[in-house]
There are 2 protein chains.
Amino acid sequence: MEATADVISDHGIANTSVTRIIERAGLSRGMVHLHFQSKEDLLVGVARHMSEQYYAKLDGFLSQAGPKPQDKLEAIVTADLSEEILTRKSVNIWYAFRGEARSDNAFMAYSDTRDDALRNLIFETYLEIAAQSENPEMLARDATHGTIALLEGMWVDFFLHSDQFNRATAKRIVFRFVAALFPQAFDLQDGGPEKPN
Amino acid sequence: MEATADVISDHGIANTSVTRIIERAGLSRGMVHLHFQSKEDLLVGVARHMSEQYYAKLDGFLSQAGPKPQDKLEAIVTADLSEEILTRKSVNIWYAFRGEARSDNAFMAYSDTRDDALRNLIFETYLEIAAQSENPEMLARDATHGTIALLEGMWVDFFLHSDQFNRATAKRIVFRFVAALFPQAFDLQDGGPEKPN
DNA sequence: TATATTTATGGACGATTGTCCATTTTTGAA
DNA sequence: TTCAAAAATGGACAATCGTCCATAAATATA
């Protein structure tokens, strides 16, 4: 399955054949249908693996974060742009599946990197920060929407221009947006701790 | 070629065969190689067409925009999220090509929706707005980076949840980011005209 | 109308696809 | 050591792939 991920990353899904997979894995032709019902099953397995890996690594960052909502949020953004999660191979695979997701419902289930679970976590975190604001719910909703869009956009930037991409810059820009929405909770430093002024 | 675009949108590139294309187009088998050197040539043609269409429609919006840099910027964001540019079919095709771009250098040339030309236009526009700021170049660079990332993220949001997507909301959130960076040049209204205060 | 040129057709080609299965090899318990 | 169960092999299969080309139809020129 690791070999399959490599092949997808290098050649895209359209050019991922059983022949190429078993060549890369050093196995024989029949193995694919011994462990998986079909080639599609194998691909779906890879897609699910990507999703699980994303959340496993994200949880690693979250568990080391402080108790404040600002800490949680910084952990999420940092994780999302970290070398552990955002790699050339991982984005290649993510976007390869995305491209085929429309035609394959099984892929669709795993093509939303930051799905409802993470979306809700971010929303609840923002809601906590925005508690004393005028319209906390809408502010939190906008902040969630914008943050996820920014992160997604940074991934695409990494995907298209990974040689010029800079994680610290990306993180700084994301937090510039966050800080603008919550001037009391965040300062403009590099995603740093809160400075209630 | 229009038929090819339809097939890609519906079935993804992996499942786009010559048979399916000629069925959809109502033509015969040999036509593909009469008008195009190969199937790949045809696909590259579609990719180029997408890129040309994007810029053609964007120019339509820009030509109707006012003279102020704020007007230009609003035109760009509005166009990018408009019903003319951002459609289910168009995003399906864009992301289908993206997924295969890594393995095909010809696709790579057209996979960057908002390429250097637009990036520079946005940067120059921001530079104009940021002229009297402390560090105009860095501010304009960050604003360009963030704006493009936000737009890209909104596209992905539309791609994954087109049924829940709301253009006005997306636009509002983008301008919330922009307004935060340039409080003197933009007010917080829905992408509205500038309010120098 | 007769002829030359362009455009379109669809059957056939070898190559490659995903899948299957009769074998062989390896493993582990008796 | 013996033998049944599990794992792995790789050749063969029908189907489909992209490509090609000998024709036929349509169009333009004389």
Side-chain angles (χ1 to χ4, degrees), chain A residues 1-50 92-111, chain B residues 1-50 92-111:
Chain A
M1 209 163 86
E2 195 60 39
T4 308
D6 286 337
V7 174
I8 294 173
S9 170
D10 285 353
H11 301 97
I13 287 195
N15 298 319
T16 294
S17 65
V18 174
T19 305
R20 255 207 257 257
I21 293 170
I22 56 107
E23 265 174 11
R24 171 86 68 140
L27 295 175
S28 63
R29 212 154 176 69
M31 289 307 297
V32 170
H33 292 83
L34 196 144
H35 292 301
F36 298 90
Q37 201 172 20
S38 66
K39 179 197 170 188
E40 167 129 344
D41 257 35
L42 172 56
L43 294 183
V44 172
V46 173
R48 180 172 47 236
H49 181 72
M50 293 301 295
N92 283 351
I93 298 173
W94 274 110
Y95 291 135
F97 278 116
R98 287 254 181 91
E100 299 298 320
R102 280 282 154 194
S103 57
D104 190 320
N105 288 332
F107 292 169
M108 204 63 188
Y110 301 105
S111 66
Chain B
M1 207 163 90
E2 196 60 40
T4 308
D6 286 336
V7 175
I8 294 173
S9 171
D10 286 352
H11 301 98
I13 288 197
N15 298 319
T16 293
S17 65
V18 173
T19 304
R20 257 208 255 256
I21 293 170
I22 58 109
E23 266 175 11
R24 171 85 69 138
L27 295 175
S28 62
R29 209 152 181 68
M31 289 309 295
V32 170
H33 291 84
L34 197 143
H35 292 301
F36 298 91
Q37 200 172 20
S38 66
K39 178 197 171 189
E40 166 128 346
D41 256 36
L42 171 57
L43 295 183
V44 172
V46 173
R48 181 173 44 237
H49 180 73
M50 292 301 296
N92 284 351
I93 298 173
W94 274 110
Y95 291 135
F97 278 116
R98 287 255 182 92
E100 298 297 322
R102 281 281 156 194
S103 58
D104 190 320
N105 288 333
F107 292 169
M108 204 61 189
Y110 301 105
S111 67

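Below, chains carry the letters A, B, ... as their sequence lines are ordered, and counting in each starts from 1.
- In this structure, CD of B/Glu23 is placed 11 Å from P of D/dT16, rounded to the nearest angstrom.
- Taking side-chain N and O atoms only, A/Ser17 has a distance below 4.0 Å to OP1 or OP2 of C/dT17.
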Show the numbers, then the answer: is there a side chain to side chain contact (heavy atoms under 4.5 Å, CB included) between B/Met50 and B/Tyr110?
CA-CA 8 Å; B/Met50 292 301 296; B/Tyr110 301 105; over 6 Å; no

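- The residue among A/Thr16 and B/Leu34 whose nearest nucleotide of DNA chain C lies closer to the 5′ end is B/Leu34.
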Derivation and outcome, side chain to side chain contact (heavy atoms under 4.5 Å, CB included), residues A/Met1 and A/His49
CA-CA 9 Å; A/Met1 209 163 86; A/His49 181 72; 3.8 Å; yes

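- Distance CD1 (A/Ile22) to P (C/dC20): 17 Å, rounded to an integer number of Å.
- At least one side-chain nitrogen or oxygen of B/Thr19 sits closer than 4.0 Å to the OP1 or OP2 atom of D/dC17.
- As a whole-Å value, the separation of A/Leu27 CG from C/dT26 P is 15 Å.
- With rounding to whole Å, A/His35 atom NE2 is found 12 Å from D/dT9 atom C1'.
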Only pairs under 3.5 Å count here: list side-chain donor-acceptor contacts from residues 31-45 of chain B, not counting sequence neighbours, and write none if there are none.
from: B/Ser38; atom 1: OG; to: B/Glu40; atom 2: N; distance (Å): 3.4
from: B/Ser38; atom 1: OG; to: B/Asp41; atom 2: N; distance (Å): 3.2
from: B/Lys39; atom 1: NZ; to: B/Thr16; atom 2: O; distance (Å): 2.8

Name the atoms and distances for all side-chain donor-acceptor pairs under 3.5 Å in residues 100-109 of chain A, with sequence neighbours left out.
from: A/Glu100; atom 1: OE2; to: B/Ile13; atom 2: N; distance (Å): 3.3
from: A/Glu100; atom 1: OE2; to: B/Ala14; atom 2: N; distance (Å): 3.2
from: A/Arg102; atom 1: NE; to: B/Asn92; atom 2: OD1; distance (Å): 3.1
from: A/Arg102; atom 1: NH2; to: B/Phe159; atom 2: O; distance (Å): 2.1
from: A/Ser103; atom 1: OG; to: A/Glu100; atom 2: O; distance (Å): 2.9
from: A/Ser103; atom 1: OG; to: B/His11; atom 2: O; distance (Å): 3.0
from: A/Asp104; atom 1: OD1; to: A/Ala106; atom 2: N; distance (Å): 2.9
from: A/Asp104; atom 1: OD1; to: A/Phe107; atom 2: N; distance (Å): 3.4

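- With rounding to whole Å, B/Asn15 atom CG is found 12 Å from C/dT17 atom C1'.
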Atom pairs under 3.5 Å, N or O on each side, protein against nucleotides 19-22 of chain D: can you list them with distances?
from: D/dT19; atom 1: OP2; to: B/His33; atom 2: NE2; distance (Å): 2.8
from: D/dT19; atom 1: OP2; to: B/Lys39; atom 2: N; distance (Å): 2.9
from: D/dT19; atom 1: O5'; to: B/His33; atom 2: NE2; distance (Å): 3.1
from: D/dT19; atom 1: O4; to: B/Arg29; atom 2: NE; distance (Å): 2.8

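- Atom CD1 of A/Ile21 is separated from atom P of C/dT16 by 17 Å (rounded to the nearest Å).
- We find that B/Asp10 and B/Arg20 are not joined by a salt bridge, their nearest charged nitrogen and carboxylate oxygen being 4.0 Å or further apart.
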Determine, step by step, whether B/Thr19 and B/Arg29 satisfy the side chain to side chain contact (heavy atoms under 4.5 Å, CB included) criterion, reporting the C-alpha distance in whole Å, the side-chain angles of both residues, the deciding distance to 0.1 Å, and the verdict.
CA-CA 7 Å; B/Thr19 304; B/Arg29 209 152 181 68; 3.5 Å; yes

